[in-house]
J.: 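So that we are looking at the same thing, I have put the structure below in structure tokens.
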Amino acid sequence: MNPVLAELHEKARAVLDPVHYDFFAGGAGDEIVLARNEAAFRRLALLPRVLRGKGIRAGFPVLISPTAFHKLAHPDGELATARALDGTVLVSSMASTVPIADVVAAASGPVWFQLYLQPDFAVTEALVRRAERAGCAALVVTVDSPVFGRHRRDIEHGFHDLPAGLAAENMRDLAGVNGLRRIEMSAFTWEDVERLRSITSLPVWLKGILHPADAVLAAGHGAAGIFVSNHGGRQLDLVPAAVEALPAVVDAVAGRIPVVLDGGVRSGGDVALAVALGASAAGLGRPVLWGLAADGSHGVRRVLDVLRDEFEHVVAMCGGQLSRDMVVSRC
Ligand SMILES: Cc1cc2nc3c(=O)[nH]c(=O)nc-3n(C[C@H](O)[C@H](O)[C@H](O)COP(=O)(O)O)c2cc1C
Ligand SMILES: O=C(O)C(=O)c1ccccc1
């Protein structure tokens with residue numbers, strides 16, 4: 001592990017309330033998927049191409065995946081994360097502890113809004129209007145959570161609610177209700193996605209797709225793109241590592257829409273592997289939380305800078321190109 005990322009993680013562990021550390025770090029069930037997300041990257045290797053000059057690959061294909069409750073990590077919460085972007089996309093969680101308008105106002109890069117469809121469509125619509133008015137560039141609907149994941153560490157600690165003074169600020173005064181509305185998890189259908197699309201001109205991405213057939217349906221139902229994701233091992237503890245599910249989804253989508261990969265990305269090399277396997281970008285969850293907890297905006301910026309530097313170095317080593325044929329198994 002890059003020593004800067006290791007240092008930020010260790011500092012985060014040291015400064016965070018252990019209950020909040022476990023909320024961020026933990027996964028569902030026996031945490032098998034949580035461990036596999038990282039382990040799967042270590043089982044992959046790259047065969048560099050040689051004598052190709054510098055190649056043409058430019059840009060930094062990383063974004064920040066949505067994570068809840070940044071004020072548990074740092075007093076400035078999502079404002080600190082947003083200030084660190086320097087052009088990187090932040091997918092801001094519906095469960096942010098700063099209102100989305102303030103996140104966008106503080107951001108040094110594009111902000112997308114992640115939401116869970118709510119059983120009362122008026123609530124979903126109000127959230128969409130908040131995101132639009134704030135200036136978000138896209139919506140990301142998380143579709144892997146028909147029910148809440150069972151996070152054993154949270155259950156053991158009795159951690160269910162934010163401490164006094166913190167709240168999911170986007171859930172205030174929604175659809176006729178004064179005060180805070182609870183975020184609900186519920187089961188939806190492709191028709192609900194179409195309904196959401198019909199009320200907004202923002203691009204609608206779907207996050208949490210693992211089955212290739214669902215990826216095809218997403219493209220057919222007008223999704224702007226998809227996230228291959230197992231929610232960082234926080235939903236069903238029976239699924240493959242995210243990067244293991246990626247190739248079949250990329251094949252099924254066949255270039256119709258972009259595919260983002262998140263889960264277990266911990267280095268610029270991991271980003272390169274995801275891109276070589278066909279991802280348009282890789283998303284970061286926990287590494288950003290560790291940077292934020294350790295050193296606020298500066299810590300998040302350091303995480304992004306380390307990954308950018310490592311990614312560019314790997315690409316240079318690979319002759320400026322990354323493709324599926326270059327990825328092999330180590331074992
Ligand atoms: C503490 C925490 C909170 C999360 N909150 C959300 C959320 O509000 N919405 C969502 O779609 N995904 C959420 N996720 C999942 C992330 O978007 C992402 O899929 C996952 O963290 C990627 O894996 P990584 O942490 O290994 O990088 C959360 C993940 C963590 C660790
Ligand atoms: O913890 C999570 O993974 C998550 O997605 C979430 C969603 C809503 C509120 C808090 C966390």
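One-based numbering, in listed order, for ligands and for the atoms of each. Below, each value reflects all heavy atoms present in this structure, side chains not excepted, and no hydrogens, waters or symmetry copies.
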J.: Tell me whether D270 contacts the main-chain N or O of R266 through its side chain, where contact means a donor paired with an acceptor under 3.5 Å.
T.: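 A pair under 3.5 Å: yes.
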
J.: Just which atoms of ligand 2 are under 4.0 Å from any heavy atom in F69?
T.: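 Answer, ordered by atom number: 9 (C), 10 (C).
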
J.: Does H221 NE2 have over 12 foreign heavy atoms under 6.0 Å away?
T.: yes

J.: Do any heavy atoms of R266 fall under 4.0 Å from ligand 1?
T.: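 Heavy atoms of R266 do come under 4.0 Å of ligand 1.
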
J.: For D295 and H298, does a side-chain donor sit closer than 3.5 Å to a side-chain acceptor?
T.: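 The criterion, which ignores hydrogens and geometry beyond distance, is satisfied for H298 and D295.
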
J.: Under 4.0 Å from a heavy atom of H151: which atoms of ligand 2 are those, numbered in the order shown and with their elements?
T.: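 The atoms of ligand 2 under 4.0 Å from a heavy atom of H151 are 1 (O).
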
J.: For the pair F227 and W112, name the ring-plane relationship: parallel under 30°, tilted 30 to 60°, perpendicular over 60°.
T.: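 Perpendicular: the ring planes of F227 and W112 meet at over 60°.
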
J.: Output the list of atoms in ligand 1 that are nearer than 4.0 Å to some heavy atom of T142, sorted by atom number.
T.: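 Near T142, meaning under 4.0 Å from one of its heavy atoms, ligand 1 has 10 (C), 11 (O).
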
J.: With respect to V265, determine whether any N or O atom, backbone or side chain, lies less than 3.5 Å from an N or O atom of ligand 1.
T.: no

J.: Regarding T81 and H70, do their side chains bring together a donor and an acceptor under 3.5 Å, going by distance alone?
T.: yes

J.: Return yes if some donor-acceptor pair links the side-chain N/O of D237 with the main-chain N/O of I32 below 3.5 Å, else return no.
T.: yes

J.: Could a heavy atom of M94 be found less than 4.0 Å from some atom of ligand 2?
T.: no

J.: Is there a polar contact, in the sense of an N or O pair closer than 3.5 Å, between R234 and ligand 2?
T.: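 In this structure, R234 places an N or O atom under 3.5 Å from an N or O of ligand 2.
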
J.: Looking only at protein heavy atoms, identify the closest one to atom 31 (C) of ligand 1 and say how far it is in Å.
T.: F24 O, 3.4 Å

J.: Under a 3.5 Å cutoff, is there a donor and acceptor pairing between the side chains of E132 and T200?
T.: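 T200 and E132 do have a side-chain donor-acceptor pair below 3.5 Å.
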
J.: How does P66 reach ligand 1, by side chain, by backbone, by both or by neither, if only non-hydrogen atoms under 4.0 Å count?
T.: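 Both backbone and side chain of P66 come within 4.0 Å of ligand 1.
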
J.: Taking atom types as modelled, is there a side-chain donor on N170 or S96 under 3.5 Å from an acceptor on the other?
T.: yes

J.: Hey, is ligand 1 close enough to N37 that some N/O pair sits below 3.5 Å?
T.: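 No; every N/O pair is 3.5 Å or more apart.
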
J.: Report the part of R234 in contact with ligand 1, treating N, CA, C, O as backbone and CB onward as side chain, heavy atoms under 4.0 Å; options are side chain, backbone, both, neither.
T.: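 Side chain only; the backbone of R234 stays clear of ligand 1.
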
J.: Taking only residues two or more places apart in sequence or in another chain, which ones pass ring-ring contact (aromatic ring centres under 6.0 Å, His included) with F113?
T.: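 With neighbours one apart ignored, the set is empty.
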
J.: Under 4.5 Å between side-chain heavy atoms, hopping through other hydrophobics if needed: is there a path connecting V62 to L261?
T.: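 Same cluster: V62 reaches L261 through Ile, Leu, Val, Met, Phe, Trp or Tyr contacts under 4.5 Å.
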
J.: Please tell me whether F69 and V303 are part of a single hydrophobic cluster in this structure, the criterion being side-chain heavy atoms less than 4.5 Å apart.
T.: no

J.: Can you sort out which atoms of ligand 1 are near S229, meaning under 4.0 Å from one of its heavy atoms?
T.: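 Close to S229: 19 (O).
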
J.: Does Y116 reach ligand 1, in the sense of a heavy atom lying below 4.0 Å from it?
T.: yes

J.: Geometry only, no angles: is P287 polar-contacting ligand 1 at N/O separations under 3.5 Å?
T.: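 Not met; the criterion fails.
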
J.: Give the residue and atom name of whichever protein heavy atom lies nearest to atom 5 (O) of ligand 2, and the separation in Å to one decimal.
T.: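 In this structure, atom 5 (O) of ligand 2 has Y116 OH, 2.6 Å as its nearest protein heavy atom.
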
J.: Hey, is CZ on R13 packed in by over 12 heavy atoms from elsewhere, all under 6.0 Å?
T.: yes

J.: Name the residue from K207, Q235, Q114, H231 that meets the side-chain hydrogen bond (donor to acceptor under 3.5 Å, both in side chains) definition with T142.
T.: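 When K207, Q235, Q114, H231 are each tested with T142, the side-chain hydrogen bond (donor to acceptor under 3.5 Å, both in side chains) holds only for Q114.
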
J.: For atom 11 (C) of ligand 2, which protein heavy atom lies nearest, and how many Å away is it?
T.: A68 CB, 3.5 Å

J.: Any nitrogen or oxygen of S93 lying under 3.5 Å from a nitrogen or oxygen in ligand 1? Just yes or no.
T.: yes

J.: Checking a contact table here: which protein heavy atom is nearest atom 12 (N) of ligand 1, and how many Å away?
T.: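 Sorting protein heavy atoms by distance from atom 12 (N) of ligand 1 puts K207 NZ, 3.0 Å first.
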
J.: What is the nearest protein non-hydrogen atom to atom 27 (O) of ligand 1, stated with its residue, atom name and distance?
T.: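 The closest heavy atom on the protein side is G285 N, 2.9 Å.
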
J.: With only distance considered, is A68 within less than 3.5 Å of ligand 1 through an N or O on each side?
T.: yes

J.: Checking contacts here: is it the side chain or the backbone of H231 that comes within 4.0 Å of ligand 1, counting heavy atoms only? Could be both or neither.
T.: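 Near ligand 1, H231 shows its backbone as well as its side chain.
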
J.: Just jot down the ligand 2 atoms closer than 4.0 angstrom to any heavy atom of F23, in number order.
T.: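 Numbered from 1, ligand 2 contributes 1 (O).
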
J.: Heavy-atom contact check, 4.0 Å cutoff: does D262 meet ligand 1?
T.: yes

J.: Pick one of side chain, backbone, both or neither for how M94 approaches ligand 1, counting any non-hydrogen atom pair under 4.0 Å.
T.: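 It is neither; nothing of M94 touches ligand 1.
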
J.: Any idea which protein heavy atom is nearest atom 9 (C) of ligand 2, and the distance to it?
T.: A95 CB, 3.8 Å

J.: Taking ring-ring contact (aromatic ring centres under 6.0 Å, His included) as the test, write out the residues that go with H20, two or more places apart.
T.: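 Scan of H20 (ring-ring contact (aromatic ring centres under 6.0 Å, His included), adjacent residues dropped) gives F159.
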
J.: Report the C-alpha separation of V143 and I209 in whole Å, then their side-chain angles, then the decisive distance to 0.1 Å, and conclude whether the side chain to side chain contact (heavy atoms under 4.5 Å, CB included) test is met.
T.: CA-CA 7 Å; V143 294; I209 288 189; 4.2 Å; yes

J.: Please could you name the atoms of ligand 1 that G263 approaches to less than 4.0 Å, counting only its heavy atoms?
T.: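 Answer, ordered by atom number: 22 (C), 23 (O), 26 (O).
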
